[in-house]
Amino acid sequence: MAQADEAAPGPTPTPGPTSGTAAGERPRLGIGMVGYAFMGRVHSQAWRSAPAFFDLPARPVMAALCGRSAEGTARAAEQMGWAAVETDWRELIAREDVDVVDICTPGDSHARIAIAALEAGKHVLCEKPLANTVAEAEAMADAARAAAARGVYAMVAFNYRRVPAIALAARWVAEGRLGEIRHVRAQYLQDWIVDPDFPLVWRLRKELAGSGALGDIGAHIIDTAQFITGQHLTQVSALTETFITRRPLAETSAGLSAGVGGGAETGEVDVDDAALFIGRFSGGALASFEATRFATGRKNALRIEINGSAASVAFDFEAMNELWFHDHALPAEEAGFRRVLVTEPGHPYAGAWWPPGHGLGYEHTFTHEVKDFVQAIASGTAPSPSFDDGLRVQRVLAAVERSAADQSRLTAVRQT
Ligand code: SOE
């Protein structure tokens with residue numbers, strides 16, 4: 001970790017040669033980020049806000065932003081508060097003022113950037129899913145384990161673990177308040193591509209995204225369910241579907257999507273639009289999962305319900321400050337799901353923000369994520385979720401795809 005060498009937070013001057021940390025001054029932690037679309041924007045918000053709301057042991061400095069277009073990256077850096085610009089991620093990794101590489105690019109580049117950064121001694125925060133294939137995820141996890149032995153750490157950005165209500169549910173399960181876990185019922189419902197004229201963006205192309213709804217939002221509910229229950233999936237059986245198989249080519253900075261469709265005006269959608277699967281957890285619980293981008297009317301509805309022998313919890317991200325709790329020990333006449341408003345100082349993360357009842361949003365989960373990452377780096381402890389956690393999710397994704405590809409298991413309904 002580079003030593004403190006700049007003035008207090010604000011427009012960060014171009015870092016000079018590092019100097020020793022004055023007594024009591026927090027050491028500097030130079031951040032370099034690759035990618036500046038949706039995830040880059042919300043990660044930038046997290047790096048800006050974390051030091052303002054949490055007493056961090058190191059001071060994140062937004063040193064450089066990397067993107068393919070020099071003009072677009074410079075504009076984004078100016079708007080988001082990054083001090084410098086790179087157009088080659090290798091140059092970003094090589095910068096002396098960068099201690100952490102934050103990867104906010106499509107999944108096809110995660111492995112090469114993360115492994116190079118870790119081997120260069122840079123800590124890595126990588127967006128989910130960890131990779132586009134199990135082989136890539138295994139190589140990343142291997143590199144992370146080797147780097148950890150050198151005090152260089154990696155985290156995968158499953159941000160929903162940092163929703164206060166989800167962290168509270170995990171706390172209650174760990175305390176035994178739900179008893180034996182019998183059911184996990186998880187959905188992630190969106191509807192942003194229901195319109196057949198929505199273009200063939202990178203998330204709809206296997207070569208860039210690895211899979212469709214399954215890897216993009218299915219990965220979240222798999223990780224969230226494994227996080228809350230403390231168990232992992234051991235068996236799955238799946239269906240996937242692509243409802244719209246061709247879409248207009250997407251405009252890109254270099255004109256229509258390069259290399260897609262061979263000059264035609266439409267391109268093939270070669271990923272799933274929806275994935276449904278059932279599964280069994282290592283502790284015996286039965287589970288159902290649904291990840292779809294065609295749940296017309298649902299915008300970002302990550303929902304999970306856990307039924308235990310003693311109690312249940314239920315959560316919907318579209319009401320993210322609420323956790324519903326049913327205590328089965330209560331007399332039936334007064335039992336039922338009651339709403340817990342997860343905004344009290346004693347709730348995970350909530351005390352750093354506003355008085356009870358004022359609530360948090362999507363971006364706060366990323367602030368919590370970078371806060372935990374900075375604390376892990378400063379204390380020399382492995383961040384969570386680790387790349388091994390990301391690999392575990394990747395193996396579930398691959399099992400779901402294998403199951404969905406094997407149509408022989410499906411049993412036809414005989415109506416005659
Ligand atoms: C999908 O559109 C998406 O942006 C995911 O990629 C994110 O991980 C999720 O948090 C919101 O939806």
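All ligand and atom numbering here is 1-based and tracks the order in the structure. No hydrogens, no waters, no symmetry mates; every other heavy atom, side chains included, goes into these values.
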### Message
Considering both backbone and side-chain atoms of Asn159, is one of its nitrogen or oxygen atoms within less than 3.5 Å of a nitrogen or oxygen in ligand 1?
### Response
no

### Query
With a cut-off of 4.0 Å, which atoms of ligand 1 are near a heavy atom of Tyr362?
9 (C), 10 (O), 11 (C)

### Task
Find all atoms of ligand 1 within a distance of less than 4.0 Å from any non-hydrogen atom belonging to Phe38, and give their numbers and elements.
4 (O)

### Query
Which protein heavy atom lies closest to atom 11 (C) of ligand 1, and at what distance to 0.1 Å?
Tyr188 OH, 3.5 Å

### Query
Arg293 pairs by side-chain hydrogen bond (donor to acceptor under 3.5 Å, both in side chains) with which of Asp216, Asp272, Asp191?
Asp216

### Task
Flag the pair His232 / Phe281 as yes when their ring centroid distance falls below 6.0 Å, and as no otherwise.
no

### Task
Return the option from Asp216, Ile217, Asn300 holding the heavy atom at the smallest distance from atom 6 (O) of ligand 1.
Asp216

### Query
Of the listed options (Glu127, Gln190, His220), which comes nearest to atom 7 (C) of ligand 1 when hydrogens are ignored and any heavy atom counts?
His220

### Message
Run the ring-ring contact (aromatic ring centres under 6.0 Å, His included) test on Trp172 and Phe325 for me, step by step, so that the C-alpha distance in whole Å, both residues' side-chain angles and the decisive distance to 0.1 Å come before the verdict.
### Response
CA-CA 10 Å; Trp172 284 351; Phe325 180 70; 4.9 Å; yes

### Message
Quick one, Gln190 and Ile217 - any side-chain contact, counting heavy atoms below 4.5 Å?
### Response
yes

### Task
Check for a donor-acceptor pair, side chain of Arg247 on one end and backbone N or O of Ile193 on the other, with a separation under 3.5 Å.
yes

